[in-house]
A.B. asks: 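I have a structure I would like to understand better, so I am pasting it below and will then ask my questions one at a time.
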Amino acid sequence: MNYADFFKYSVSCEHRLFLLASEGKAHIFSIVNILILGTLFGLSDLAGSLSQGSPVPLDGKFAFITPLIFSISGLVNMMIAVLGLTLVYWAAAKAFGGYGNMSHAFYLVSLSLAPFWVLAPLLNYTVRFHPDTLVQIPILVPILLSGIWAYRLLCKSLIAGQEISPVKAHLAVTGMVIFSVSAIYVLIP
């Protein structure tokens, strides 16, 4: 499977996508997804800093170094977030009768990251850099659509990758969302 097929299956939430984890072929797709997500998240930090009027050096040699530093920071943040999501996913899968293999859960989560390419940077930009303003429609619509897509993709990964029934998968992902939102609001001052 090439990356174009991967993205097509990700958009359509096809179960063939999650068979990659069972077949042991998900490693390269997982790495690429985390790299894309981390870079986009870091660049959203850069865009947020620039929108706040922060003095960010971008001239000369800093035109490359500053975005690189923000991208590396975003990559570290997203690796930690993906590991956290993997733990919650693993616990939910185990609770509802899934396999309970941590590496398998990591690959299933990593294969489900495409919607987070949009969701994480936009939420980061909105929540961290503009918390006191109303979310504008051009930002709200992609956040909602990517949130729905992420929900569907995570449910499908539990159904196809962990062989959990659809009802249990929806309950597990709903629990994951509630736990994640609760954890975020505990950490945000």
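The figures that follow rest on heavy atoms only: side chains count, while hydrogens, waters and symmetry mates do not.
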A.B. asks: Closest approach of Thr86 and Ala105, non-hydrogen atoms and distance?
C.D. replies: CG2-C, 4.0 Å
A.B. asks: Enter the distance from Ser112:OG to Leu85:CG here, rounded to the nearest 0.5 Å.
C.D. replies: 8.5 Å
A.B. asks: Under a single-linkage definition using a 4.5 Å side-chain heavy-atom cutoff for Ile, Leu, Val, Met, Phe, Trp and Tyr, are Val109 and Ile178 assigned to the same hydrophobic cluster?
C.D. replies: no
A.B. asks: Apart from Trp90 itself, what residues make up its hydrophobic cluster, given side-chain heavy atom links below 4.5 Å?
C.D. replies: Leu87, Met102
A.B. asks: Check whether Val127 and Leu134 end up in the same hydrophobic cluster, where Ile, Leu, Val, Met, Phe, Trp and Tyr are linked by side-chain heavy atoms less than 4.5 Å apart.
C.D. replies: no
A.B. asks: Within the side chain of Ser73, is there an N or O that forms a donor-acceptor pair under 3.5 Å with the backbone of Ile69?
C.D. replies: no
A.B. asks: Say you draw a straight line from CD1 of Ile159 to CG of Leu154; how long is it, rounded to the nearest 0.5 Å?
C.D. replies: 11.0 Å
A.B. asks: So which heavy atom on Ala114 is nearest to which on Phe7, and how close?
C.D. replies: CB-CE1, 4.3 Å
A.B. asks: Taking the six-membered ring for Trp, are the ring centroids of Tyr9 and His15 within less than 6.0 Å of each other?
C.D. replies: no
A.B. asks: Linking I/L/V/M/F/W/Y whenever any side-chain heavy atoms sit under 4.5 Å apart, do Ile148 and Met176 land together?
C.D. replies: no
A.B. asks: So Asn33 and Val82, do their side chains get closer than 4.5 Å, heavy atoms only?
C.D. replies: no
A.B. asks: Kindly compute the distance separating CE (Met78) from CG (Leu83), expressed to the nearest 0.5 Å.
C.D. replies: 11.0 Å
A.B. asks: Holding to side-chain hydrogen bond (donor to acceptor under 3.5 Å, both in side chains), I want the full list of residues that pass it with His130, two or more places apart in sequence or in another chain.
C.D. replies: Ser51, Tyr125
A.B. asks: Of all heavy-atom pairs between Ala172 and Ala92, which one has the smallest distance, and what is that distance?
C.D. replies: CB-CB, 3.9 Å
A.B. asks: Which distance, rounded to the nearest 0.5 Å, do you find between the SG of Cys13 and the NZ of Lys156?
C.D. replies: 8.0 Å
A.B. asks: Within the side chain of Ser44, is there an N or O that forms a donor-acceptor pair under 3.5 Å with the backbone of Leu122?
C.D. replies: no
A.B. asks: When you measure from the side chain of Ser146 to the backbone of Ile143, do you find a donor-acceptor pair of N or O atoms at a distance under 3.5 Å?
C.D. replies: yes
A.B. asks: Working to the nearest 0.5 Å, report the span between NZ of Lys8 and CE of Met1.
C.D. replies: 9.0 Å
A.B. asks: Are Leu158 and Tyr89 packed together at the side-chain level, in the sense that at least one heavy-atom pair is separated by less than 4.5 angstrom?
C.D. replies: yes
A.B. asks: Please answer: with hydrophobic residues joined when any side-chain heavy atoms are less than 4.5 Å apart, are Phe96 and Tyr99 in the same cluster?
C.D. replies: no
A.B. asks: Show me, pair by pair, the donor-acceptor contacts under 3.5 angstrom made by side chains of residues 18-28, not counting sequence neighbours?
C.D. replies:
{"unit_1": "His27", "atom_1": "ND1", "unit_2": "Tyr107", "atom_2": "OH", "d": "3.0"}

A.B. asks: Looking at Tyr151, I'd like to know if its OH atom is crowded, meaning that more than 12 non-hydrogen atoms belonging to other residues, nucleotides or ligands lie closer than 6.0 Å.
C.D. replies: yes
A.B. asks: For side-chain contact (heavy atoms from CB on, under 4.5 Å), just list the numbers for Leu153 and Ser10, CA-CA rounded to whole Å, side-chain angles, deciding distance to a tenth of an Å, and then say yes or no.
C.D. replies: CA-CA 7 Å; Leu153 202 56; Ser10 181; 3.6 Å; yes
A.B. asks: Roughly how far, to the nearest 0.5 Å, is the CD1 atom of Ile72 from the CG atom of Asn77?
C.D. replies: 12.0 Å
A.B. asks: Quick one: ring pair (Phe, Tyr, Trp, His ring centres under 6.0 Å) partners of Phe29, sequence neighbours excluded?
C.D. replies: Tyr3, Phe6
A.B. asks: Can Leu40 and Phe116 be said to form a side-chain contact (heavy atoms from CB on, under 4.5 Å), step by step?
C.D. replies: CA-CA 10 Å; Leu40 291 173; Phe116 293 96; over 6 Å; no
A.B. asks: Measure the shortest side-chain to side-chain distance between Asp5 and Asn2 over non-hydrogen atoms and say whether it is less than 4.5 angstrom.
C.D. replies: yes
A.B. asks: Using side-chain hydrogen bond (donor to acceptor under 3.5 Å, both in side chains) as the criterion, list what pairs up with Arg128, not counting sequence neighbours.
C.D. replies: Asp45, Asn124
A.B. asks: Can Phe41 be reached from Leu68 by stepping across I, L, V, M, F, W or Y side chains whose heavy atoms are under 4.5 Å apart?
C.D. replies: no
A.B. asks: May I ask you to list the residues sharing a hydrophobic cluster with Leu58, side-chain cutoff 4.5 Å, ordered by chain and number?
C.D. replies: Leu43, Leu46, Leu50, Val56, Phe70
A.B. asks: Let me see the working for Gln162 and His104 under side-chain contact (heavy atoms from CB on, under 4.5 Å), right down to the final yes or no.
C.D. replies: CA-CA 9 Å; Gln162 296 283 338; His104 188 67; 3.5 Å; yes
